[in-house]
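These notes concern the structure reproduced below.
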Amino acid sequence: MYVEIFSLCDAATVDIGGKLNILGAFDTIWAGGIPVGYPHFAVALRIRFDNIEKGEHRLVVNFVDADGKHIIPSVNSLVNINFPSEQRSGSVSSVLNIQMLRFENYGEYSIDLSIDGVTKASLPLYVREQPNMQREAS
C-alpha cells in the first residue's frame, strides 16, 4: 500500500465515483492570541492498494500535541478494498472534517495515519503567533 495523498486543507470532498477534491492545503494556523478556535478544516486522504492487498484494512488517525496528548479522540475506520482482478491496484479516498477545534498553546501538533497498526504518514500543524504587521514610526 502507498499513501498517495495525506493533506491538511480548508475543505475536501469525495464524489460518488471516488474522486478526491482538495481546497487550500496548509500547515500553519496564525493566531492573534491563545487560546484560539479554528472553525473548520479537513484531512484529505488517498491510499493505493496493490491487488494482493484486497480485503479489510483498519485506518486510524491521531491528532496530538507536542507531548503526545490527543487533541481529539482517535478516528478509527475499516475500509474494504475490492476492485477488478485485472487491475494492478485500486485506491480509496476519505475526508475527515474537523470543526471548532480549540488550541490552548502555540507550537507543533501532529496528525498521524496508521494502517493496520503501522504508522504510514504524519502531518505537522504549526500554531504560531501572528506577527505584528505595524511598523513603528521613525
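Residues Arg128 and Thr28 have side chains that never bring a donor and an acceptor to within less than 3.5 angstrom of each other. Side-chain contact check for Asn76 and Ser74: no donor-acceptor pair (N or O, by modelled atom type) lies under 3.5 Å.
At a threshold of 4.5 Å between non-hydrogen side-chain atoms, the residues Leu96 and Leu45 do not count as touching. No side-chain heavy atom of Val64 sits under 4.5 Å from any side-chain heavy atom of Ile71. The closest side-chain heavy-atom distance from Val95 to Ile22 is not below 4.5 Å.
Of the possible donor and acceptor atoms, one in the side chain of Asp65 sits under 3.5 Å from a partner among the backbone N and O of Asp67. Side-chain atoms of Asp112 do not come within 3.5 Å of backbone N or O of Thr119 as any donor-acceptor pair. Under the 3.5 Å distance criterion, the side-chain polar atoms of Asp116 are left unmatched by any main-chain donor or acceptor of Leu59. The backbone N or O of His40 sits nowhere less than 3.5 Å from a side-chain atom of Gln99 that would complete a donor-acceptor pair.
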Worksheet item: Met1 and Arg48: side chain to side chain contact (heavy atoms under 4.5 Å, CB included), yes or no, with the steps?
Response: CA-CA 6 Å; Met1 74 193 69; Arg48 179 152 307 276; over 6 Å; no
Worksheet entry | Test log, rule side chain to side chain contact (heavy atoms under 4.5 Å, CB included), inputs Asn51 and Arg88 | CA-CA 5 Å; Asn51 197 299; Arg88 184 174 53 86; 6.0 Å; no
Practice prompt. Verify side chain to side chain contact (heavy atoms under 4.5 Å, CB included) between Val36 and Val127, making sure each step is shown before the conclusion.
Written response: CA-CA 9 Å; Val36 62; Val127 177; 4.3 Å; yes
Fill in: CA sep, side-chain torsions, deciding dist, call: Val75, Val60, side chain to side chain contact (heavy atoms under 4.5 Å, CB included)
CA-CA 6 Å; Val75 177; Val60 178; over 6 Å; no
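By the 30° and 60° cut-offs, the orientation of the rings of Phe41 relative to Phe103 is parallel.
Across all their heavy atoms, Ser93 and Leu20 have their closest contact at OG-CB, 3.8 Å. In plain terms, the two heavy atoms of Ile81 and Glu53 that are nearest each other are CB-O, 4.4 Å. For the pair Gln130 and Trp30, the tightest heavy-atom approach, listed with the atom from each and the gap, is OE1-CB, 3.0 Å. Arg46 approaches Gly18 most closely through the heavy-atom pair NH1-O, 3.9 Å. Closest of all the heavy-atom pairs between Ala12 and Asn97 is O-OD1, 4.5 Å.
Taking the ring axis of Phe83 as reference, the NZ or CZ atom of Lys54 stays within 45° of it and closer than 6.0 Å to the ring centre.
Linking Ile, Leu, Val, Met, Phe, Trp and Tyr residues whenever their side-chain heavy atoms come within less than 4.5 Å places Ile72 and Ile34 in a single cluster. Clustering ILVMFWY residues whenever any of their side-chain heavy atoms sit less than 4.5 angstrom apart, transitively, puts Leu23 in a cluster other than the one holding Leu123.
Expressed to the nearest 0.5 Å, how far OH of Tyr126 lies from CD of Glu108 amounts to 4.0 Å. Thr13 OG1 to Asn21 CG: the interatomic distance, rounded to the nearest 0.5 Å, is 4.0 Å. Atom-to-atom distance recorded for Ser122:OG and Ile111:CD1 is 8.5 Å, nearest 0.5 angstrom. One finds the CD1 atom of Ile5 at 12.5 Å from the OG atom of Ser94 (value rounded to the nearest 0.5 Å). Separation of atoms CD1 (Ile47) and OH (Tyr2) is listed at 12.0 Å; rounding is to 0.5 Å. Separation of atoms CD (Gln87) and CZ (Phe49) is listed at 14.0 Å; rounding is to 0.5 Å.
No more than 12 heavy-atom neighbours from other residues, nucleotides or ligands sit within 6.0 angstrom of CD1 on Ile52.
Exactly one residue among Val43, Asp27, Ile98, Ile29 makes a side-chain contact (heavy atoms from CB on, under 4.5 Å) with Leu8. That residue is Val43.
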